[in-house]
Amino acid sequence: MIKATAPGKIYLFGEHAVVYGYPAIACAINKRTEVEAEKTRNKDITIIPKNLSFKSIKFSFGDENRYNIPKKELKSLEYIRKSIKKILDKKDQKIGLKLKINSELPISGGLGSSASVTVATIFSLKELLDLDLSRREVANLAYEVEKDVQGNASPCDTFTSALGGLTKVEKNKELIKNKAPAIPIIIGYTNQQSNTTKLVEEVKELKNKYPTIINNLFNNIKKITEKGQKALEKKNLEEIGNLMNINQGILDSIGVNNLKLSKLIYVARESGSYGSKITGAGGGGCMIAITENKEKVSNAIKVTGGKAIKTKLTNEGVKIT
Ligand code: MEV
């Protein structure tokens, strides 16, 4: 039996603009997904999830109909099924597997839950089946799975989950990995799922309607991200906070905020944060705040109807436990 865990992530700067090739910075967080994998005697694949959107499931590749799996459940299983298939195809053997999956990350909350499930599944199986794959190779396989399931995905989530630390992503450039800065952070979850595909589509429509305005806004996000990178290196909390607030103003202006998120962002500022913003696609999901008053900000988030997630930025990518 092998147990692997992989982290989720937050976007510190640059989400949405990154879809159009502008730079963004993300960092791994110490909220993780754990996958416990073992071989079984028969040829079935059994998945036992905890905190995911489906119940325990048994199937065999190519014979899913025999197991009467509801279509909706099959869809939410896609990341796991395709991850298993990627590894079994490399081994070229039909073996039975049992996987127990437990995630600390909210599903569709903007914290990279699907990437962490995918990376942890691939990593646990490559260990179980003795395959020689580096963390970067695992990140690439996980990215192929994400692209396959979502149609269009950024490599940022899977890369950050596999390697840990800070990731700078920019079109046509190698992804850059740096050390996670030791800055105090709180995540606020709206308890609403975020629909990334829909939000990215809405931003695209806005950009088609007002190309000059939106391109100028994205150019400003690029400047914020570049200044933010330096502020993160210097751990200058005041500057990081200011830049997050400006980044948030732009995210608001492109229509990806909503009332619940907005309330959490403002109560975090008013209860003693250097800055706060949406993290990820928005329209629900999560916000982040930079603060040394973690208790006060967490309480303010809770009182406003959100869930405070206390976490730290981490250098630990996927690992065997
Ligand atoms: C979603 O977490 C972040 C977006 O920038 C989309 C993406 O980068 O794939 C909105």
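We number each residue from 1, following the sequence as shown. Numbering of ligands and ligand atoms starts at 1, following listing order.
- Protein heavy atom closest to atom 2 (O) of ligand 1, with residue, atom name and distance, is Gly280 CA, 3.6 Å.
- Heavy-atom contacts of Tyr11 reach the following atoms of ligand 1: 2 (O), 3 (C), 8 (O) (cutoff under 4.0 Å).
- Interface atoms of ligand 1 facing Ser154, defined by a heavy-atom separation under 4.0 Å, are 8 (O), 9 (O).
- A donor-acceptor contact under 3.5 angstrom links the side chains of Tyr274 and Glu292, judged on distance only.
- Inspection of the Ser116 and Thr33 side chains reveals an N or O donor paired with an N or O acceptor under 3.5 Å.
- Distances from ligand 1 to the non-hydrogen atoms of Ala281 include at least one value under 4.0 Å.
- Aromatic ring centroids of Phe61 and Phe59 lie under 6.0 Å apart.
- Between the side chains of Asn258 and Gln192, at least one donor N or O lies within less than 3.5 Å of an accepting N or O.
- Using modelled atom types and a 3.5 Å distance limit, the side chains of Asn30 and Thr311 yield a donor-acceptor pair.
- Sorted by first and then second residue, the pairs that involve residues 209-228 and meet ring-ring contact (aromatic ring centres under 6.0 Å, His included), not counting sequence neighbours, are Tyr20-Phe218, Tyr22-Phe218.
- Looking only at heavy atoms of the protein, atom 4 (C) of ligand 1 is closest to His16 N, 4.0 Å.
- Here the heavy atom of the protein found nearest to atom 7 (C) of ligand 1 is Val19 CG2, 4.0 Å.
- Between Glu15 and ligand 1, not a single N/O pair is under 3.5 Å apart.
- Taking atom 8 (O) of ligand 1 as the reference point, the nearest protein heavy-atom neighbour is Val18 CG1, 3.4 Å.
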